[in-house]
Protein chains: 2
Amino acid sequence: MANAVRTENAPVVIIGAGFAGLAAARALGAAGISTVVIDRQNHHLFQPLLYQVATAGLSAADIAAPIRTILRDLPDVGVLMDEVVGIDRVARSVQLASGGHITFAQLVVASGARHAYFRNPEWAAHAPGIKTIDDAIRVRRDLLLALERAETMRAEQRETRADHLTFVVVGGGPTGVELAGAIAELTRHAAERDFPHITRNCVRVILVDSGDRLLKALPEALSAAASRALMGLGVEIRLNARVTALAAGQIMIGDARLPAAVTIWAAGVAASPAARWLGAAADGSGRVLVGPDLALPDDAEIFVVGDTAAACNADGAAVPGVATAAKQMGEHAARAIIARRQQQPAPRFRYRHQGSMATIGRSHAVADLGWLQLSGLPGWLLWCTVHLWFLAGFRNRLVVGANWLWRYLTFESSARLITQQGNDMS
Amino acid sequence: MANAVRTENAPVVIIGAGFAGLAAARALGAAGISTVVIDRQNHHLFQPLLYQVATAGLSAADIAAPIRTILRDLPDVGVLMDEVVGIDRVARSVQLASGGHITFAQLVVASGARHAYFRNPEWAAHAPGIKTIDDAIRVRRDLLLALERAETMRAEQRETRADHLTFVVVGGGPTGVELAGAIAELTRHAAERDFPHITRNCVRVILVDSGDRLLKALPEALSAAASRALMGLGVEIRLNARVTALAAGQIMIGDARLPAAVTIWAAGVAASPAARWLGAAADGSGRVLVGPDLALPDDAEIFVVGDTAAACNADGAAVPGVATAAKQMGEHAARAIIARRQQQPAPRFRYRHQGSMATIGRSHAVADLGWLQLSGLPGWLLWCTVHLWFLAGFRNRLVVGANWLWRYLTFESSARLITQQGNDMS
């Protein structure tokens, strides 16, 4: 695999096995086109539910499945667990951290995004984002350890005790809203039953957003419904508020300094280094500017899809960074490659918006399907249905369903485990 | 909690929330006796199934539950997540890593055991044992990474490729047997479907034991049945064989040097430092020598139970280090404490042997209930029933059951995730 071959015999190489990469791999594999998927993880992650791992509602295996298992039935699709360190457009090859390289006939870059701290990279240490399973497990550990610390503090320490029970989420998009709701449930409601000295009134969950409303992508009515639901769970919402400083156990919002046992970053994402690898033009968040067929303007054999791409719809509107868009882009790249190999022109990408939704806690969600807007319990039931449906292809639907049902009936948190403590890793 | 109180008002303190500690806490709580349980983890671990986490059959949350949740309904039982660093028998207090200390009226030491490397502590780095969730997840990662590495090697590398596919388990007790069987299934059978370049014939799973048969605690007929079942799964069994050296990727058995992608230690356990904390007499494995009521011979208020104790039965036979014995010892310590508080003599401990069993792979187990001996599928069904039954008190029985059923029907491995890689922890 590592020795160069002539590109006409080379496979399609897909970088990244997220929603976009998997969708492309499935379509290419179904068409019998030799394809190699490269990912530095061995598993595909169902990211829309990752926040539930971070808040101890689900365990990692409920929302992740080995890439090899997902693609097992496609004999023409190979999987390579390795990290991409560069792309040589002249040699048509992808450089791997393991030292090898792999030559491609066509390339699909779907390497996703990481959270972005704008001009403050040092904030990453004090306010982790949630993109990988290990991110989520780290946040889960921090949340649960904060509760344990607060529980064992004595009355004299009430001052610092309150600090151990202040949790901040930065960013009022779907991820931030879902995190804030789940954290409030975990720390204010579920914890009350397990920690005799912790009552919901001594726990603060603060959601900070720089805009004037939550969930900007949704209609104002649904933003308002989400805010009401969050406040109902006891979440303090700070709008038009900017984070000006971050340190261990502290956050500065505007010029107000707050203690924060745990701060979680859901404010912004930056694309993977794909633009640098490709020497291609990118937008402010590092997303590669692609043409109407999702290929590079100057290289019709290289496609960039998912969160790594800055794509525009036929009407000129930007394609949003959501799972459904990523899937559509991945499928489109596959179609375009199949067309090219049949000497047909590549079609142009058209994004079909399938709606946006966000869940708030265990019985409330807001959903905008364009023709239908739902909130409250109906929204939550729709949200559950849709997410269980999208878990298709995973074996875990059964288990996730069982977990959700169980939590809904018992308010039990199934995965409240503190692991990965330094002293246990020896 | 950290300021000394007069012991007559002090609680019973239990160190460790394993089977023994939990059993004691439940019995004391039910009797309305003020009790504090100290554990450095926040969760109780169902250790008999931990090997399935290490071999990607179950995920951690399936076999662990927060101690606070398990004891939630006992208002007189408090839980303290902290690490014990010493015991002051004069001041009647337990020293905590957090700096505080806690005074006890009676003490139950149930701090369990870690794996022991005899005179070779440096082996721990190259042959981890499996006692904690993090141990298991580390082994799971090592097994899966070895497969990924082997899969991407080219034909020229066949020599080293074989090395990446050699897995060694040291110790032929129940844990070693169950590990070897599960590893063979994962690497020889399940892997074959996901890794096109790996066939079961290029994978070696070797089980090493210094004795002349596996499962010494069971009748010879069952040892033989277990050996046959393991060989049926392709496990090489090396009896009367001693590990003489261990290094990264290598193991020396007698004077034969073998490559080993992963070596797992199931050969011996050593009790926690309880004997040192107590300044008490211990046996060769560091287990505290206790009297017939499980208290220290020279201190009737301090009990040592579970794997931390070297207890003898009425007939002088040693009490085995199994979960059922630990449960019985914990319950006995509680009964003895209740009796003492009622000025009654402490009863003597009588171990009721409830049988031993070990499973080999997904459809075979050996079970010895004394009056009944089973092997093969009947044994496996009994083993499943018993373990699902003992998971009572966990919410997870439902999920574990679903997982098992799923795996049995599909030979699917539900938790084949590589996590906790250094580069993801940032």
Side-chain angles (χ1 to χ4, degrees), chain A residues 1-3 40-43 56 58-62 64-66 68-69 72 75 78-83 98 100 124-125 128 132-135 137-138 144-145 148-149 151-152 154 193-196 395-396 398-399 402-403 406 410 412-421 423-426, chain B residues 1-3 40-43 56 58-62 64-66 68-69 72 75 78-83 98 100 124-125 132-135 137-138 144-145 147-149 151-152 154 193-196 395-396 398-399 402-403 406 410 412-421 423-426:
Chain A
M1 200 175 270
N3 47 350
R40 62 198 182 100
Q41 305 283 9
N42 80 320
H43 52 269
L58 294 172
S59 63
D62 297 334
R68 295 187 181 282
T69 308
R72 171 194 293 158
V79 178
L80 181 59
M81 183 182 169
D82 207 331
E83 190 162 2
S98 63
T132 69
I133 285 177
D134 288 312
D135 291 339
I137 289 175
R138 172 190 170 182
L144 296 171
L145 280 175
E148 293 287 346
R149 271 192 235 96
E151 170 69 14
T152 54
R154 284 160 298 148
R193 292 165 59 190
D194 283 356
F195 296 87
R395 60 159 284 300
N396 310 63
L398 169 71
V399 179
N403 266 305
W406 184 270
T410 65
E412 193 60 79
S413 212
S414 61
R416 219 174 294 152
L417 309 179
I418 298 175
T419 59
Q420 299 189 25
Q421 292 176 274
N423 57 333
D424 288 331
M425 292 304 293
S426 61
Chain B
M1 203 175 268
N3 47 349
R40 64 198 181 98
Q41 305 282 11
N42 81 320
H43 52 269
L58 294 172
S59 62
D62 296 335
R68 295 186 181 283
T69 308
R72 171 195 292 158
V79 177
L80 182 59
M81 183 183 169
D82 207 332
E83 190 161 2
S98 65
T132 69
I133 285 178
D134 288 311
D135 292 339
I137 289 176
R138 172 190 170 182
L144 296 172
L145 280 175
L147 292 172
E148 292 287 345
R149 268 190 239 98
E151 171 69 14
T152 55
R154 282 161 299 148
R193 292 166 58 191
D194 282 356
F195 296 87
R395 62 158 283 298
N396 311 63
L398 170 71
V399 179
N403 266 304
W406 184 268
T410 66
E412 193 60 79
S413 210
S414 61
R416 217 175 295 152
L417 308 180
I418 298 173
T419 60
Q420 296 188 26
Q421 292 176 271
N423 58 330
D424 287 333
M425 293 304 294
S426 66

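Proximity of B:R193 to A:T69: side-chain heavy atoms (C-beta onward) are nowhere separated by under 4.5 Å.
Nearest approach of B:R72 to A:D194, heavy atoms of both residues: NE-OD1, 2.7 Å.
Rounded to the nearest 0.5 angstrom, B:H43 NE2 and A:L144 CG are separated by 11.0 Å. With rounding to the nearest 0.5 Å, the separation of CG in A:L145 from CG in B:N42 is 7.5 Å.
Residues that satisfy the salt bridge (Lys or Arg N to Asp or Glu O under 4.0 Å) test with A:E151, not counting sequence neighbours, are absent from this structure.
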B:L80 and A:T152: CA distance, side-chain angles, deciding distance, side chain to side chain contact (heavy atoms under 4.5 Å, CB included) verdict: CA-CA 7 Å; B:L80 182 59; A:T152 54; 3.0 Å; yes
Steps toward side chain to side chain contact (heavy atoms under 4.5 Å, CB included) verdict (B:E148, A:R68): CA-CA 10 Å; B:E148 292 287 345; A:R68 295 187 181 282; 2.8 Å; yes
